Amino acid sequence: MYLTKEEELIYDGEFGWAQQKCMTILVRLGELFGGTRLIPIDSAHVSGVSYKTLGDAPIEFLKALAESDGKARVETTLNPQSLDQEYLGKLLKENIVEKQLTILKQFERMGFKQSLTCTPYYLREPKRNTHLAWAESSAVVYANSVLDAWTNREGGPSALAAAIIGKTPNYGIHQPKNRVPSVLVDVETPPQNETEFGALGILLGEILKDEIPKIQGIRGATSDQLKQLGAALASTGMVNMFCRGHRRLRGETQATQRITVEAREIAKTIERLSVTSISKPDLVFIGCPHCSLDEMKQIACLAEGKRVKADTEFWVCTSRYIRQIARNHVKRIEETGGHVLDGVCTIVSYPEMLGVKTIMTNSAKTAYYAPTLNKTAVILAPLKECVRTAIGG
Ligand code: F3S
C-alpha cells in the first residue's frame, strides 16, 4: 500500500504506540483486501462496546491505547453497551456493571462520543458520497443503501484504528465499481409492515451471501422499514448494501442473476423465526435497531392511557439523543409501566439473567439472534401486535 510521508512516520512509531498500532491494523487490512492507499473518513462508528460481546481480554488493549494517548481524529460514535444506569444497571450483577464502566471509561479517554447506539445516523446524518468507517452491520447497510454514504463493514478493531488515524484503506465498497448490484430481486407483493421487511432481509441474506441486490417492488417503503430490511440482511448474509429498483447507480450494469420473492416465502420466514408455540412472552422488546423518533411516537400513541400487564416486561430501546428529543413520548410510554432504555438492547444485554424465557419483538434481527445470544424463545410480530400484547389493550 502507498503511504504518505506522515503515514510512514506513524507506521514507524514516531507518533507513539497507539497510532503505530492502529496504522499497522489498517495497513494489514488494506494489504489483505487489495487497498492501494488510505482515504480520509468523515466519521467512525465502533462496535464491541458491550461487556457481553467484548469480554475481558480486549479491555487491556483499550486501556493501553488510551494510556498511549490514542485519540479519535474524527467524530466517533459507539454502539450500545450492556446496560443502562437507571434500570438494568440496578438489576444486573455488580461485576458486570463495573466491567462495563471500565470499558466506557477507556473510550471516553480517547474522545469517543458516548452515543451508545446502533443508529448513529439519527445523531448526525452523514453526507452523501462521504467515506465512513462504521462497524455496526445494520448501520453499515443503512448508510450505504439509504443515505448513500460509503462504508465497508468494519470489525470493532478496524473501526477503532480508523477512528484514531482518521482514515481507512480504499478497498471494497469504497470503490464505485464494487457498489454495483449483481442480483435483481423481484418482490411480488410489497411487505406490509416492518416485520415483513425484516423477514425479507433474513431470506435475502441467506440467499445472496455478499452479492448486492437491486430490489424491485418495495417502492414507498419508509426509512424505518428499510432499517429493518438492512439489519436483517446483514444478520444472515455479508451483504453491505442494497439498491432499490428505481435508483440508478453510477456505473450500474445489468444484474446477472434474477430471483423472485413471493409473499408466502416472507410469511414462512416469520413462522420460522418465531421459535416458540408459547403465546405469552415475559418480555416485549421494541428497538432493534434503536427506535427512531417516529417509532417512539407510534409506540406512545398505541400505549397511552393503558397499563403494562403485571407479569410482562416492556422495553423500548433507543439512543440517549432520541430519548431526549422524544421526551413527551417517553413520558407516555413510562406512564404505562414500560421502560424506555437508552444505550442498550436485549441482544447485547442479559435478559436471560433476569429470568426472561420468551421475548416478543417486531425485529427480525433480534428474532434471529436471541435464541443463541439470550438463550430465549422468540415470538416475531409487528409493532402494533407487540404493544397490544404488552399492554393488553
Ligand atoms: Fe442495535 Fe442491538 Fe439490534 S445493537 S441492531 S438493537 S442487536
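Note that the coordinates shown come from a computational prediction; the quantities given were computed from them, not determined experimentally.
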- Item | Plane angle bin for H131 and W150 - parallel if under 30°, tilted between 30 and 60°, otherwise perpendicular | perpendicular
- Euclidean distance, N178 CG relative to M241 CE, rounded to 0.5 Å: 10.5 Å
- Side chains of I215 and L229: closer than 4.5 Å at any heavy-atom pair? yes
- R28 side, atom CZ; M23 side, atom CE - distance, nearest 0.5 Å: 12.0 Å
- Message: Is it the case that the side chain of S68 and the backbone of A18 share a donor-acceptor pair, with hydrogens and angles ignored and the cut-off at 3.5 Å?
- Response: yes
- Do N170 and T36 have side-chain atoms, one donor and one acceptor, less than 3.5 Å apart? yes
- Query: Hey, are R272 and E206 close enough for a salt bridge, meaning a charged N less than 4.0 Å from a carboxylate O?
  - Reply: yes
- Going only through I, L, V, M, F, W and Y residues with side-chain contacts under 4.5 Å, is there a path from F314 to V378? no
- Nearest non-hydrogen partners of A162 and I41, listed with the distance: O-CD1, 3.6 Å
- Do T117 and H290 have a side chain donor and acceptor closer than 3.5 Å? yes
- Message: For the residue pair K52 and Y350, would you count it as a cation-pi contact if the rule is NZ or CZ under 6.0 angstrom from the ring centre and within 45 degrees of the ring axis?
- Response: yes
- Message: Quick one: does any side-chain atom of E196 pair with a main-chain N or O of Q192 as donor and acceptor, under 3.5 Å?
- Response: yes
- Message: Please check this pair: side chain of S235 against backbone of L233, looking for a donor-acceptor N/O pair closer than 3.5 Å.
- Response: no
- Task: Would you confirm whether E7, through its side chain, and T4, through its main-chain N or O, come within 3.5 Å as a donor-acceptor pair?
- Result: yes
- Query: Do you know which two heavy atoms are closest between Q216 and D186, and how far apart they sit?
  - Reply: NE2-OD1, 2.9 Å
- Message: As a quick check of understanding, evaluate side-chain contact (heavy atoms from CB on, under 4.5 Å) for L204 and I259, giving each step before the final call.
- Response: CA-CA 10 Å; L204 290 180; I259 56 174; 4.0 Å; yes
- Any idea which heavy atoms bring L26 and P169 closest together, and the distance? O-CG, 3.3 Å
- Query: When rounded to the nearest 0.5 angstrom, what is the spacing between CG in D342 and SG in C317?
  - Reply: 9.0 Å
- Message: Between K90 and D84, does any NZ, NE, NH1 or NH2 come within less than 4.0 Å of an OD or OE carboxylate oxygen?
- Response: no
- Output yes when a side-chain donor or acceptor of E136 lies under 3.5 Å from a complementary backbone atom of V46, and no otherwise. no
- Item | Cationic N near anionic O, under 4.0 Å, E265 to K268 | no
- Query: Rounded to the nearest 0.5 Å, how far apart are CE of M1 and CD of E31?
  - Reply: 7.0 Å
- Message: Would the distance check show the side chain of S349 and the main-chain N or O of S82 forming a donor-acceptor pair, the cut-off being under 3.5 Å?
- Response: yes
- Item | Ion pair check, E295 and K227, cut-off under 4.0 Å | yes
- Item | Where W134 and P126 come nearest, the two heavy atoms and their spacing | CH2-CG, 3.8 Å
- Task: Verify, without hydrogens or angle tests, whether E313 (side chain) and D282 (backbone) share a donor-acceptor contact under 3.5 angstrom.
- Result: no
- Say whether, by atom type as modelled, one donor and one acceptor occur between the side chain of Q228 and the main chain of C288 under 3.5 angstrom. yes
- Correct closest heavy-atom pair for T366 and S363 would be N-OG, 3.0 Å
- Item | Distance-only polar pair, side chains of D224 and S292, donor-acceptor under 3.5 Å | yes
- Message: Check K331 with E335, please: is the shortest side-chain N to carboxylate O separation under 4.0 Å?
- Response: yes
- Message: Ignoring hydrogens, what is the shortest heavy-atom contact between I270 and A199? Give both atom names and the distance.
- Response: CG1-CB, 3.5 Å
- Query: Is D42 paired with K127 through a side-chain N to carboxylate O contact shorter than 4.0 Å?
  - Reply: no
- Item | H339 and its ring pair (Phe, Tyr, Trp, His ring centres under 6.0 Å) partner, picked from F285, W315, Y87 | Y87
- Task: Calculate, to the nearest 0.5 Å, the distance between atoms NZ and CZ belonging to K167 and R37 respectively.
- Result: 10.0 Å
- Message: Can a side-chain donor-acceptor contact be found between S43 and E75 if the only test is distance below 3.5 angstrom?
- Response: no
- Task: Report yes or no: does R153 contribute a side-chain atom to a donor-acceptor pair with the main-chain N or O of V239 at less than 3.5 Å?
- Result: yes
- Under 3.5 Å, is there a donor-acceptor pair linking the side chains of H45 and N79? yes
- Ring center gap for Y122 and Y321 short of 6.0 angstrom: no
- How about Q81 and S50: does a side-chain donor come under 3.5 Å of a side-chain acceptor? no
- Without hydrogens or angle criteria, can the side chains of Y369 and N374 be said to hold a donor-acceptor pair below 3.5 Å? no
- Message: Quick check on salt bridge (charged side-chain N to carboxylate O under 4.0 Å, His left out): which of R323, R307, R327 does E334 satisfy it with?
- Response: R323
- Whether F61 and W17 hold their rings parallel, tilted or perpendicular, with breakpoints at 30° and 60°: perpendicular
- Under the side-chain contact (heavy atoms from CB on, under 4.5 Å) criterion, do I59 and K63 qualify, and how do the steps go? CA-CA 6 Å; I59 297 179; K63 277 185 184 164; 4.3 Å; yes
- Atom NZ in K71, atom CG in L65: separation rounded to 0.5 Å? 11.0 Å
- Message: So does R128 get a backbone contact from the side chain of D148, meaning a donor-acceptor N/O pair under 3.5 Å?
- Response: no
- Query: Are the charged groups of E304 and R332 less than 4.0 angstrom apart, N to O?
  - Reply: yes
